[in-house]
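Shown next, in structure tokens, is the structure this report addresses.
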Protein chains: 2
Amino acid sequence: MRPEDALERFEVFLRNKKLRMTRPRRDILLSAWETHSHFTAEEMFSWVQQRDSNAARATVYRTLNLLVEGKFLASMNNGQGTQLYEHILGHTHHDHMICRGCNRVLEFRSEEIERLQEEIAEQNNFQLVHHVLRLEGYCPKCRTAQSESA
Amino acid sequence: MRPEDALERFEVFLRNKKLRMTRPRRDILLSAWETHSHFTAEEMFSWVQQRDSNAARATVYRTLNLLVEGKFLASMNNGQGTQLYEHILGHTHHDHMICRGCNRVLEFRSEEIERLQEEIAEQNNFQLVHHVLRLEGYCPKCRTAQSESA
DNA sequence: CTAGTTGCAAAGGATTTGCAACTGA
DNA sequence: TCAGTTGCAAATCCTTTGCAACTAG
């Protein structure tokens with residue numbers, strides 16, 4: 001989805017909640033759409049510093065939460081206590097592999113795993129709302145670097 | 001595995017690392033083995049308060065980290081920024097369903113999912129070290145409570 | 001005009017760390 | 001003995017919150 005479209009949807013979302021579109025909110029949404037990978041709140045903070053809004057850290061956190069609530073962004077944690085965000089509107093669901101060497105995030109999707117998860121939930125009479133699947137290890141690059149230094 | 005056996009292994013582990021067995025460490029390991037479910041560092045802290053060692057919060061954290069390192073415990077986060085621990089020595093690997101209503105943790109294991117994960121890692125030339133699979137939603141009880149109140 | 005938003009700094013929760021006093025082998 | 005351990009409080013990291021000054025509609 002193009003940034004302008006996301007922005008428009010965000011405006012609708014805000015209007016429905018009787019909230020206002022502001023400069024910091026606009027800048028944060030646009031920055032989120034300008035990256036095609038995963039980012040932290042802190043990174044977002046530094047990006048909006050470079051735009052002209054100069055949004056405060058608190059505003060960044062507040063807006064990120066708003067965007068997650070509106071399903072514009074998905075959040076996940078990196079396994080060390082920090083949240084990572086990515087824009088999802090118009091993207092299909094996927095899971096992640098995280099490299100312990102370089103922190104790179106790789107995406108994957110497995111219909112089969114998705115289906116099995118639903119099956120398991122059903123078998124346990126568990127109402128599935130969300131799932132987290134993260135593979136941790138070493139990406140091809142770091143894997144090579146590792147075996148070379150060994 | 002019985003508590004005494006775990007304790008013995010812990011002693012071996014410590015000896016190999018030239019570390020010492022102490023009263024707080026013993027109490028923490030035993031407390032971990034006395035529960036058959038998942039616990040937080042804070043819960044562990046309150047348990048050791050009740051034993052005679054009176055270990056400090058810092059000691060609890062330090063020892064939990066040590067036990068995770070030695071693979072006596074596994075840690076996972078609850079999705080809200082707190083670590084949960086469980087003893088694993090002598091237990092087979094499993095994944096978790098977490099109830100958003102009552103925070104209860106249910107365990108499950110799917111050979112098929114395990115296999116698929118390995119397959120995906122391999123396809124991506126990713127060296128799999130660890131994975132996190134957490135299903136979030138509502139357990140049978142909370143699910144019922146929810147639909148009744150609706 | 002005025003409810004909603006912001007920036008700031010302070011508070012919060014979970015966890016780690018520095019350090020002097022202790023203690024197990 | 002003495003390297004390793006502890007308790008304590010302070011520090012850290014990430015995130016949220018209180019509040020008075022602002023601003024979008």
Side-chain angles (χ1 to χ4, degrees), chain A residues 7-8 10-29 31 38-70 73-85 103, chain B residues 7-8 10-29 31 38-70 73-85 103:
Chain A
L7 197 54
E8 204 178 306
F10 190 27
E11 278 166 1
V12 172
F13 169 77
L14 291 171
R15 214 175 301 136
N16 288 341
K17 302 199 60 166
K18 298 196 194 313
L19 299 179
R20 296 171 186 165
M21 175 54 86
T22 63
R23 170 76 143 280
R25 285 181 178 161
R26 194 186 333 266
D27 283 354
I28 290 167
L29 179 123
S31 296
H38 307 73
F39 57 90
T40 62
E42 214 51 38
E43 286 169 330
M44 175 57 77
F45 177 62
S46 81
W47 296 337
V48 294
Q49 293 311 97
Q50 289 161 33
R51 300 187 99 96
D52 32 25
S53 73
N54 261 74
R57 197 173 258 101
T59 303
V60 169
Y61 277 98
R62 285 189 277 237
T63 304
L64 291 176
N65 286 342
L66 204 53
L67 290 169
V68 169
E69 189 191 324
L73 301 182
S75 75
M76 56 180 292
N77 71 39
N78 67 354
Q80 279 106 215
T82 313
Q83 289 302 115
L84 295 181
Y85 300 87
N103 293 312
Chain B
L7 197 53
E8 203 178 305
F10 191 25
E11 278 165 3
V12 173
F13 169 76
L14 291 171
R15 214 174 303 138
N16 287 340
K17 301 199 61 168
K18 300 197 195 308
L19 300 179
R20 296 170 186 167
M21 176 54 85
T22 62
R23 170 75 145 280
R25 285 180 179 161
R26 194 186 332 266
D27 283 355
I28 290 167
L29 179 124
S31 295
H38 307 72
F39 58 89
T40 61
E42 213 52 37
E43 285 169 331
M44 175 56 77
F45 177 62
S46 80
W47 296 338
V48 294
Q49 292 312 94
Q50 288 160 35
R51 300 185 100 98
D52 32 25
S53 73
N54 262 71
R57 196 172 259 104
T59 303
V60 169
Y61 278 99
R62 286 190 275 236
T63 305
L64 290 176
N65 287 341
L66 204 53
L67 289 169
V68 169
E69 189 191 326
L73 301 182
S75 76
M76 55 180 291
N77 73 35
N78 66 356
Q80 280 104 214
T82 312
Q83 289 302 115
L84 295 180
Y85 300 87
N103 293 312

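Note that the coordinates shown come from a computational prediction; the quantities given were computed from them, not determined experimentally.
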Contact string for nucleotides 9-17 of chain C, one letter per nucleotide 5' to 3', B = base within protein heavy-atom range under 4.0 Å, S = sugar-phosphate only, - = neither, reads -----SBBB
Base versus backbone protein contacts along nucleotides 20-25 of chain C [heavy-atom cut-off under 4.0 Å; B, S, -]: ---BBS
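In this structure, A/Thr82 has no side chain to side chain donor-acceptor pair (under 3.5 Å) partners at least two apart in sequence or on a different chain. Judged as a side chain to side chain donor-acceptor pair (under 3.5 Å), and not counting sequence neighbours, B/Thr63 has no contacts. For the side-chain contact (heavy atoms from CB on, under 4.5 Å) test, residues two or more places apart in sequence or in another chain that qualify with B/Arg51 are B/Asp27, B/Leu30, B/Ser31, B/Glu34. Every salt bridge (charged side-chain N to carboxylate O under 4.0 Å, His left out) that A/Glu42 has, sequence neighbours left out, goes to A/Arg57. For A/Asn77, the side-chain contact (heavy atoms from CB on, under 4.5 Å) partners are A/Gln83, A/Arg134, B/Asn77, not counting sequence neighbours.
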Could you give the side-chain donor-acceptor pairs of residues 10-21 of chain B under 3.5 Å, partners two or more places apart or in another chain?
{"unit_1": "B/Asn16", "atom_1": "ND2", "unit_2": "B/Val12", "atom_2": "O", "d": "3.4"}
{"unit_1": "B/Lys17", "atom_1": "NZ", "unit_2": "B/Glu69", "atom_2": "OE2", "d": "2.3"}

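Distance, A/Leu84 CG to D/dC14 P: 11 Å, rounded to whole Å. To the nearest angstrom, P of D/dG4 lies 13 Å from CG of B/Leu66. Residue A/Phe45 contributes atom CZ, which lies 13 Å from atom C1' of D/dT15 at whole-angstrom precision. Straight-line distance from the CD1 atom of A/Ile28 to the P atom of C/dT6: 8 Å, rounded to whole Å. Spacing between atom CZ of A/Arg25 and atom C1' of D/dG25 amounts to 13 Å, rounded to whole angstrom units. One interatomic measurement links the two molecules: CZ of A/Arg15 to P of D/dG25, which rounds to 9 Å at whole-angstrom precision. Atoms NZ (B/Lys18) and P (D/dG4) sit 9 Å apart, rounded to a whole Å. Protein atom CG of A/Leu14 is 18 Å distant from nucleotide atom P of D/dT23, rounded to whole Å.
Annotation for A/Ser75 and A/Val68: closest pair CB-CG2, 4.2 Å, computed over non-hydrogen atoms. Residue A/Pro24 comes nearest to A/Thr59 through the heavy atom pair CB-CG2, 3.8 Å, listed as atom of the first residue, atom of the second, then distance. Across all their heavy atoms, B/Ala55 and B/Phe45 have their closest contact at O-CE1, 3.3 Å. Among all heavy-atom pairs drawn from A/Leu73 and A/Phe39, the shortest one is CD1-CZ, 4.2 Å. Scanning both residues, B/Val48 and B/Ile28, for their nearest heavy atoms gives CG1-CG1, 3.6 Å.
Two end axes, each from the C1' atoms of five base pairs, can be drawn for the helix from C/dC1-D/dG25 to C/dA25-D/dT1; they diverge by 30°, to 10 degrees.
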